[in-house]
Chemist: 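Mind having a look at this structure? Questions to follow.
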Amino acid sequence: MFGEQKISYSGVQPSGNLTIGNYLGAIKNFSIYSEQYKTFYCVVDQHAITVRQVPAELRRRTYETLALYMACGLDPEKNTLYVQSMVPEHTELAWILNCFTMFVELSRMTQFKDKSTKHADNVNAGLFTYPVLMASDILLYQTDVVPVGIDQKQHVELCRDVAERFNQLYPDTFTVPEPVIAKSGMKIMSLADPTKKMSKSDENTNAVVYILDDRDTIIRKFKRAVTDSGAEIRYAADKPGVSNLISIYSCFTGKTVEEIEREFEGKGYGDFKLAVGEVTADALAPVQEKYRMLLADKAALEAQMKKGAEEASWYARRTLSKVKKKLGFVQLR
Ligand code: AQP
């Protein structure tokens, strides 16, 4: 809360082409807060370098992610849209918060365990302290709510612990944020292995539906999606493949699981997969069209980056200055 204003904050890494998991679990829910909250949505490029990135690709994806935010309905007049590395207060506060985060807390983070297995040749300190930078992102803006997919819940909970610890030592410094997890779409699973989260960095591109995939590709990928034994279209723990497809269908149509099970009663997996592909392609078509228009105007995107960074900096500087004062750092006027 900044004064009387409630704050919503979230971010997406430009670490790959964005997936329908990023869309349904996070971006689609960002605009819910645009009317009543002051909202900050960031392209978190500094998080992305915890894993090796090709510089030209990181740069390109930073523009693309910003354009996608806007194409997904985030109006830059109503939301502060910006790039993390353009607001240096993020890393400055992160250092301070590093000194208030326990090694053992970071050791428990499942994303660190997963990513250090996946990138065994590059288990760097940034990968380990990633949640501290994320806490800094959130706390700089005195955030009330953080709309994220369920995989990020543990990081937001750590952020709450760090904020509470800091507030105990230095009262009234940070707003303690709440994670907000959408009921549907909280965890979209891989189409090749429905026990695994759909991730933009998955090497198997058939396992992932990207927001920018064309209609034929989307339909083909869903046709090839791994389903389960049996033929019933039913949401159940022992049917992770079909359940994942039901979740996706539900997110894009607004239908409940029961309505979907009824709609496809007596029908086979083939019909169902085609229907999921079609509703996904229909829902993404207007986003893709708007995205192409936005991406074509690089100067306008850069102007937005500048404006967004200036807006964000104003808030970030106020919190950082408060923190420094509380800690006893000398600040010259
Ligand atoms: N499969 C998913 N289902 C629901 N939500 C998801 N999110 C990511 N994947 C799914 C949500 O998207 C937001 C942005 O994620 P991120 O870019 O910060 O990184 P991530 O969570 O690590 O996502 P990826 O796609 O798996 O990226 P890579 O492959 O680079 O690690 C978050 O709110 C996240 O919950």
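We're numbering straight along the sequence, starting at 1. Atoms within each ligand, like the ligands themselves, are counted from 1 in listed order.
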Chemist: Please identify which atoms of ligand 1 are closer than 4.0 Å to at least one heavy atom of Met186.
Modeler: 3 (N), 4 (C), 5 (N)
Chemist: Under 3.5 Å between some N or O of ligand 1 and some N or O of Gly11?
Modeler: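 Between Gly11 and ligand 1, no N or O pair is found under 3.5 Å apart.
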Chemist: Test your reading of the structure: does Ile188 have an N or O sitting under 3.5 Å from an N or O of ligand 1?
Modeler: yes
Chemist: Using a heavy-atom cut-off of under 4.0 Å, does the side chain or the backbone of Lys187 touch ligand 1, or both, or neither?
Modeler: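 For Lys187, the contact with ligand 1 is made by the backbone alone.
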Chemist: The criterion is side-chain hydrogen bond (donor to acceptor under 3.5 Å, both in side chains); which residues satisfy it with Gln5, sequence neighbours excluded?
Modeler: none
Chemist: Linking Ile, Leu, Val, Met, Phe, Trp and Tyr through side-chain heavy atoms less than 4.5 Å apart, which residues share a cluster with Leu274?
Modeler: Ile219
Chemist: Distance under 4.0 Å to a non-hydrogen atom of Ser199: what atoms of ligand 1 satisfy this?
Modeler: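 Close to Ser199: 24 (P), 25 (O), 26 (O), 29 (O).
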Chemist: Is Lys115 in contact with ligand 1, taking contact as a heavy-atom separation below 4.0 Å?
Modeler: yes
Chemist: Pairs of nitrogen or oxygen atoms closer than 3.5 Å, one from Asp202 and one from ligand 1: do any exist?
Modeler: no
Chemist: Would you say Gly149 and ligand 1 have an N/O pair spaced under 3.5 Å apart?
Modeler: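 So ligand 1 has an N or O lying under 3.5 Å from an N or O of Gly149.
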Chemist: Report yes or no: is the cationic atom of Lys255 (NZ for Lys, CZ for Arg) closer than 6.0 Å to the six-membered ring centre of Tyr249, at no more than 45° off its axis?
Modeler: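 Relative to the ring axis of Tyr249, which defines the angle, Lys255 lies outside at least one limit.
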Chemist: Of the side chain and backbone of Ala26, name the one, both, or neither that has a heavy atom under 4.0 Å from an atom of ligand 1.
Modeler: side chain
Chemist: Are the aromatic rings of Tyr141 and His90 close, with centres under 6.0 Å apart?
Modeler: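 Centroid distance Tyr141-His90: below 6.0 Å, so yes.
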Chemist: Do Asn244 side-chain atoms and Pro240 backbone N/O form a donor-acceptor pair below 3.5 Å?
Modeler: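 Not a single qualifying donor-acceptor pair exists.
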Chemist: Answer yes or no: is there an ion pair linking Lys306 with Glu302, defined by an N-O contact shorter than 4.0 Å?
Modeler: no
Chemist: With heavy atoms under 4.0 Å as the rule, classify the contact between Gln111 and ligand 1 as side chain, backbone, both or neither.
Modeler: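 Only the side chain of Gln111 comes within reach of ligand 1.
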Chemist: Quick check: does Gln13 get an N/O under 3.5 Å from an N/O on ligand 1?
Modeler: yes
Chemist: Is a donor from one side chain sitting under 3.5 angstrom from an acceptor on the other, for Thr217 and Asp214?
Modeler: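 Note: Thr217 and Asp214 side chains meet the donor-acceptor criterion.
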